[in-house]
Number of protein chains: 2
Amino acid sequence: MTILRSPAGIPDATVARLPLYLRALDELAASGTDVCSSEHLATAAGVNSAIVRKDLSHLGSYGTRGVGYDVRFLAGHIATVVGQTQPWPVVIVGAGHLGSALAAYQGFGARGVKVAAVVDADPALVGTVVGGHEVRAIDALADVIAVGEVSLAIIATPPAAAQSVADALVAAGITSILNFAPTALRVPAEVDLRQVDVAAELQILGYHAHHRRQAEPAEEAVLS
Amino acid sequence: MTILRSPAGIPDATVARLPLYLRALDELAASGTDVCSSEHLATAAGVNSAIVRKDLSHLGSYGTRGVGYDVRFLAGHIATVVGQTQPWPVVIVGAGHLGSALAAYQGFGARGVKVAAVVDADPALVGTVVGGHEVRAIDALADVIAVGEVSLAIIATPPAAAQSVADALVAAGITSILNFAPTALRVPAEVDLRQVDVAAELQILGYHAHHRRQAEPAEEAVLS
């Protein structure tokens with residue numbers, strides 16, 4: 001196995017799949033698999049095998065022909081490329097149902113994410129414990145971020161509060177935001193913003209279900 | 001405004017943005033805006049305005065030049081294209097932290113999604129109430145799906161349980177799955193599968209943060 005290229009200039013679509021390869025390789029390693037083919041990795045990651053080979057070529061990491069990829073070596077290499085050699089602290093804003101679920105999420109640790117703090121604007125929630133974290137007041141945001149050297153934040157507030165929270169996060173030095181509030185946020189160009197809109201995901205599925213159903217003859221007609 | 005094309009054959013990338021336009025148009029309508037420009041809609045949806053114009057051209061829906069789009073008309077048209085003229089029932093499998101948060105999510109109703117049922121494999125959770133829904137046993141899955149005419153499901157189980165849940169959902173007639181369990185699922189080709197992997201979203205943000213930091217001189221060096 002040879003490392004031919006620096007990780008700079010990896011296409012965004014490849015970057016977005018690296019965590020899936022890492023997750024799949026960790027699963028393979030945990031199940032005792034030492035070497036895997038690109039087809040094997042593709043299945044474990046839920047990605048087409050031609051895409052796997054192309055993505056890994058961007059990392060400069062080629063498997064040994066006829067043997068495959070060394071699972072642990074490749075996992076370590078991807079972790080280094082992703083920058084996940086130490087856990088990233090993340091602050092969660094919003095201690096409602098979703099924020100609490102994220103604070104309690106057991107899967108973060110193994111994936112290089114560490115919840116540094118949970119904050120909320122609601123005085124009734126401040127001081128309660130969610131997922132092992134005492135909820136802090138939103139006024140403490142700047143402190144929490146500075147003390148914990150946090151650069152990632154999750155917004156899990158109602159949509160009406162999300163923009164002012166984003167502004168406060170940016171002012172406090174946050175450079176990467178994952179927004180779960182179903183509204184578009186405006187952030188400076190140097191801030192990375194990703195959005196998870198659960199209802200939109202369901203609507204996309206619904207669109208395909210709707211048009212599939214229109215394309216099919218009615219079941220009754222087929223049965224009768 | 002003229003409708004020039006049937007909604008068939010809309011590119012997937014456009015389909016994925018339709019819910020964002022719908023959400024933005026509903027926000028605009030709620031704030032009393034009757035007519036909007038593509039730039040205005042772009043800002044509200046968090047999308048580039050050239051992409052907005054191209055996407056809407058796929059719907060065959062062109063705004064009036066120099067006037068813009070009729071907000072309510074366009075919202076109604078997109079809702080029809082998406083197939084969201086009546087609420088889609090969805091079953092949530094997994095009544096843990098995340099499943100409970102989704103069951104309680106207030107934002108679904110306005111976006112055409114209705115939680116039909118919540119099921120869990122853990123006898124200790126069956127009979128408890130989450131988000132106003134009494135948790136049913138996983139054995140009731142096929143019944144719940146048949147009675148509620150459900151075709152959408154959310155998997156919010158631990159990763160180890162997700163594949164067998166997906167198999168059971170497919171066997172019970174589910175054709176669209178949104179998977180929150182951080183593992184790749186195998187489903188038949190005719191089943192639509194979308195994945196939300198929260199840790200992967202954070203890792204993608206972390207990748208960019210890591211490489212941005214490497215590209216910048218250390219802050220101390222600049223200050224000293």
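Each chain gets a letter, A, B and so on, in the order the sequences are listed, and its residues count up from 1.
Taking 4.5 Å as the heavy-atom cut-off, the residues of residues 170-180 of chain B that approach chain A are B/T175, B/S176, B/I177, B/L178, B/F180, ordered by number. Of all residues spanning residues 39-51 of chain B, those with a heavy atom less than 4.5 Å away from chain A's heavy atoms are B/T43, B/A44, B/A45, B/G46, arranged by number. Inspection of non-hydrogen atoms places no residue of residues 161-169 of chain A under 4.5 Å from chain B. Within residues 144-152 of chain B, the residues having any heavy atom less than 4.5 Å from a heavy atom of chain A are, in residue-number order, B/S151, B/L152.
In this structure, the portions of A/V82 lying under 4.5 Å from any heavy atom of chain B include both its backbone and its side chain. For a residue to count as touching a neighbouring chain, one of its non-hydrogen atoms must lie under 4.5 Å from one of that chain's; by this rule A/V196 touches chain B with the side chain only. Only the side chain of A/D197 has a heavy atom closer than 4.5 Å to any heavy atom of chain B. Both the backbone and the side chain of A/H97 come within contact range of chain B, with heavy atoms under 4.5 Å apart. In this structure, chain B has heavy atoms under 4.5 Å from both the backbone and the side chain of A/L205. Of the atoms belonging to A/R186, it is side-chain heavy atoms, and not backbone ones, that fall under 4.5 Å from chain B. Of the two parts of A/E27, only the side chain, counted from C-beta on, holds a non-hydrogen atom closer than 4.5 Å to a non-hydrogen atom of chain B. Only the backbone of A/E190 comes within contact range of chain B, with heavy atoms under 4.5 Å apart. Proximity to chain B (any heavy atom under 4.5 Å) is restricted, for A/R23, to the side chain, taken from C-beta onward. The contact between A/T80 and chain B is made entirely by backbone atoms, counting heavy-atom distances below 4.5 Å.
Using modelled atom types, one side-chain atom of A/Q203 and one backbone atom of B/R111 make a donor-acceptor pair closer than 3.5 Å.
For the atom pair NE2 (A/H210) and CD (B/Q86), the distance works out to 9.0 Å, reported to the nearest 0.5 Å. Residue A/Y207 holds its OH atom at 12.0 Å from CD1 of B/I78, rounded to the nearest 0.5 Å. Atom CG of residue A/L98 and atom CG of residue B/L98 lie 7.0 Å apart, to the nearest 0.5 angstrom.
By number of non-hydrogen pairs under 4.5 angstrom with chain B, the leading residue of A/V90, A/L102, A/V198 is A/V198.
No side-chain heavy atom of B/F108 sits less than 4.5 Å from a side-chain heavy atom of A/P182.
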